[in-house]
Amino acid sequence: MKDALSNEDWQKSSIYQSLNGTWDFYYADSVQARSPDFYKEDFSLNGRDKIEVPSNWEMKGYGILIYTNVVNPFPKNPPYIPQDFNNASSYKRDFEISEDWKDKDI
């Protein structure tokens with residue numbers, strides 16, 4: 001018996017579901033300004049923007065584009081990150097999982 005992942009075209013697999021598409025999106029200028037409860041079921045999405053996934057939020061007009069392969073804009077202080085210059089965002093989307101996926105690791 002062949003498993004579903006051995007299919008020549010993995011996108012036709014019975015256990016494949018693309019999550020590409022339009023997602024609710026919230027951009028924050030800092031980690032402190034993010035919505036820490038965004039994952040909760042009763043979290044209100046009123047006033048949230050929409051963004052296509054996959055994408056890059058800087059290319060969609062959020063944050064600051066940083067073009068560099070030499071100088072890192074963040075200070076070298078691992079594992080600590082700057083709190084005043086570290087954008088964050090939250091993505092959320094509803095989707096349904098096929099009944100065929102019952103009892104499978106998802």
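All values derive from a computational prediction rather than experimental measurement. Residue numbers count from 1 along this sequence.
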If I compare all heavy atoms of [X] with all of [Y], which pair ends up nearest, and what's the gap?
| X | Y | value |
| --- | --- | --- |
| Asn87 | Asp29 | ND2-O, 3.4 Å |
| Ile97 | Trp101 | CG2-CE3, 3.2 Å |
| Gly21 | Trp23 | O-CD1, 3.4 Å |
| Ile64 | Glu58 | O-CG, 3.6 Å |

Hey, could you give me the [atom1]/[atom2] distance between [X] and [Y], rounded to the nearest 0.5 Å?
| X | Y | atom1 | atom2 | value |
| --- | --- | --- | --- | --- |
| Phe25 | Ser55 | CZ | OG | 7.5 Å |
| Ser35 | Tyr26 | OG | OH | 5.0 Å |
| Gln17 | Ser98 | CD | OG | 8.0 Å |

Legend entry - Side-chain cluster (under 4.5 Å, hydrophobic types only) that Phe43 belongs to, other residues: Phe38, Tyr39, Leu45
Inset, instruction - Among residues two or more places apart or on two chains, list those pairs meeting salt bridge (Lys or Arg N to Asp or Glu O under 4.0 Å) that have a residue in residues 44-57. - result: Asp24-Lys50
Legend entry - Qualifying salt bridge (Lys or Arg N to Asp or Glu O under 4.0 Å) pairs with a residue from residues 88-102, counting only residues at least two apart or across chains: none
Inset, instruction - Please tell me if the side chains of Tyr27 and Ile51 come closer than 4.5 Å, counting only heavy atoms from C-beta onward. - result: no
Inset, instruction - Determine yes or no for a side-chain-to-main-chain donor-acceptor pair under 3.5 angstrom, with Asp37 supplying the side chain and Lys40 the backbone. - result: no
